[in-house]
Amino acid sequence: MRKNRMMRAASALMVAVLLTTSTISGTFAKYVTQDSAEDTARVAKWGVELQVMGNLYGDSYGADDKIVKDDDGSISVQSVNYSANTDDVVAPGTLNDEGFSFTLTGSPEVDGKITSVMTFQNIFLKEGTYGLMIKVPANTITEANFDEYADELYTVSGTIYTKVDAWAGNVDYYTLEDEVTLHVDGDNATNQAAYYPVVYTLSGNTFTTGTTYAEDSLKAVAEAVATALGGATVVDDTLGNATLKYTNVLPFDSNKDLADFKLDNLEITWAWAFSINDMFDGADTILGNLLAKRNGEDIIVVKLTDAANRIFDATLEDYIDYCLDTKFALDVTVEQTDDDSTP
Amino acid sequence: MKKKITKMLLVLAAILLVASSSTTIALASVLNQYNMNDKGAIEIAPVSWYDQTVSFPETEEEKPVSTGETFFKDYFSAETLNYSNYTSAGFTVTDQNEVVWETETEVEIFKVAYENGEGYVTAKSFNGEKIVAPGTENSYLFKLKNSGDTEITYTLNVDAFITPGDNMIPIEARISRYDEEWIVGGPDEWVDVPTLDTAADEASLSPDRYTYYTLDWRWPFESGNDEYDTFLGNLAVEEDITITIIISTTATAEESAPGTDPDDPDSPDEPGGGEGLVPPDTGDNSILSIWISLAVGAAVFLIIILIYKIREEKRSKTEASKN
């Protein structure tokens, strides 16, 4: 029995040796190589945010002359088209001191550029002497009583109104009312100047030189905004209607914090003073009459063309001699670029 | 009779034990410089092998062919080859940055920053992570080389995916081989990421031959979908949207004696054509230590039985002579 067991043990051990030998040699005899490579990337961050806050104009102004919501019962100025909600208005005494501002934030991981397009237009009355021609009721002036009114009467030929010194027959006679001559700071003697009643400010600062009302403060604000934005400014004055367009392109490198441009410091406000002095009040009246005329009323606004002979012309060109509209539009676009144009 | 058979078996077992032990010792002395890593792959040979200059073909004349000349020798002069240090594995993959592929080797398919045609950086990661963006692109070239003495068959597979999976990055790609065969895409054709995920190739490499592939990818600057690009860029602020590309190669060699290939009349008679050893490519996932322990254990038991048997016989003889 013992020998059988020994034989079996020996046989089993031999088998074990054979198995292990074949396995080990099989391992060393196999030729397999595996390699791999990998890489991962994430989408580059953009995250540019542009926020615009506030409204510049409104269709209604409250007792405090500020823009009000539609449901505010205290209204001092309101557009005739208020119910149709088609236009905003400005008037003497109105203002917006809460501001219209915008912020730009983000740190994109790619190069880009900020393109700002400002389109603006301001209310103005060109320098000169203006008035209203009021027609004298028919048969009021006769040859008999002409001398009583001689210093005040004008006759018309086409659009030209000429002061008359003598009876001109049974024609239409006119009188000149609300005559006003625009000067710098109300100085009637010299320095005729245009009148820009709506005064714009940027972050509380005005940028006009000299008197505020004689220069276009909105243009000055637009130039200051363009300077703050940086980059090159391209001016387009071909739009007509006394409208200018400023285009600024400001490139930036990847990972630039756009808040560094401090655009959130740019806050635009405006105000139209109610009564400064008699001259400016007269100019406001002329502007109001011009608007009424544009709206179809039979009003004759004239401008002095010959001071020595007191000749006036009713031919006034909108957007040349005056402008009754004001607007400020700002379009800001931030986009990625693939050409490096950083100065 | 049974005694004789038992003795014979024991002697046979002893001979086998000696033979396997000596074979194991001989193999181990050659292969001890190779270690299997966790994935069961043989690690690359010592650094001295990479002292050699490796250059990728730039002209038609330099392009490798699959038969005929031994390009490995054409690229290197006899003076630069030092076969005494030449202890590499038979199949290696390297890229244009001389990075050697092992397992899940991180390579530079993508970049941290990208330049435009004028050399200006137009996209750059803020934290050193690799990024992709509209307008970015790259080409990644990698070379597969059979530096062994046996022909190998290899397969190449590409995995490409986006995380999270519900987003799509409009990246296009294509892969070409050295012989202008297109694995995916074409000269005027780019494929999307899901299609890239299906790219695969299979071919063979004779000894001392190599082949190379080029992976091109791009995110078109003008894709016609700026809105979606912007959406991705804004989403990337909140969460990482990533693209991953994995290229895997598996090479299997024919089992033949090193240095001989009866079917290839140009095969050198000696391994590597020079001095020194040309170790075979080996390796699998077997845990050799277990088998070796088993072999050693069996051998020890065999010896014990032998000794016991001899003593038993002596004792029997002694008892018999006493009786």
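Lettering of chains follows the sequences in order, A, B, ..., and the numbering in each one begins at 1.
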S.K.: What pair of heavy atoms forms the shortest contact from A/Thr33 to B/Phe91, and how long is it?
M.R.: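 Scanning both residues completely, I find the closest heavy atoms to be CG2-O, 3.9 Å.
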
S.K.: In Å and rounded to the nearest 0.5 Å, what is the OG1 to CD distance from B/Thr122 to A/Gln336?
M.R.: 7.0 Å

S.K.: Is the backbone of A/Arg42 close enough, under 3.5 Å, to the side chain of B/Asp240 for a donor and an acceptor to pair up by distance?
M.R.: no

S.K.: Sort B/Ile243 into side chain, backbone, both or neither according to what part of it lies under 4.5 angstrom from a heavy atom of chain A.
M.R.: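 Both backbone and side chain.
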
S.K.: How long is the straight-line distance from OH of B/Tyr120 back to CG of A/Asp253, given to the nearest 0.5 Å?
M.R.: 11.0 Å

S.K.: So, the side chain of B/Lys130 versus the backbone of A/Thr40: is there a donor-acceptor pair under 3.5 Å, distance only?
M.R.: no

S.K.: Return the minimal non-hydrogen interatomic distance between A/Val110 and B/Ala133, and the atom names on each side.
M.R.: CG1-CB, 3.7 Å

S.K.: Any chance you could measure A/Gln34, atom CD, to B/Trp101, atom CH2, to the nearest 0.5 Å?
M.R.: 13.5 Å

S.K.: Is it the backbone or the side chain of B/Phe301 that comes under 4.5 Å from a heavy atom of chain A, or both, or neither?
M.R.: both

S.K.: What distance do B/Glu137 atom CD and A/Asp338 atom CG have between them, rounded to the nearest 0.5 Å?
M.R.: 10.0 Å

S.K.: Would you name the heavy atoms of A/Ala41 and B/Val132 that are closest together and state the gap between them?
M.R.: CB-CG1, 3.9 Å

S.K.: Other residues, nucleotides and ligands only: do more than 12 of their heavy atoms fall within 6.0 Å of CD on A/Glu49?
M.R.: no

S.K.: Do B/Thr105 and A/Asp35 come close enough that some side-chain heavy atom pair is under 4.5 Å?
M.R.: no

S.K.: Looking at every heavy atom in both A/Val43 and B/Ala236, which two are closest together, and how far apart are they?
M.R.: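 For A/Val43 and B/Ala236, the tightest heavy-atom pair comes out as O-CB, 3.5 Å.
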
S.K.: If you tally heavy-atom pairs under 4.5 Å against chain B, which of A/Pro108, A/Gly106, A/Ala44 wins?
M.R.: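 Ranked by contacts with chain B, first place is A/Ala44.
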
S.K.: For A/Asp39 and B/Glu106, indicate whether the former's side chain and the latter's backbone hold a donor-acceptor pair under 3.5 Å.
M.R.: no

S.K.: Can you tell me which portion of A/Ser254 sits under 4.5 Å from chain B's heavy atoms? Options are side chain, backbone, both or neither.
M.R.: side chain

S.K.: Among the options B/Asn167, B/Asn127, B/Ile169, B/Thr155, pick out the one with the most heavy-atom pairs lying under 4.5 Å from chain A.
M.R.: B/Asn127

S.K.: Would you name the heavy atoms of A/Asn255 and B/Phe126 that are closest together and state the gap between them?
M.R.: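 Closest approach of A/Asn255 to B/Phe126: OD1-CB, 3.1 Å.
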
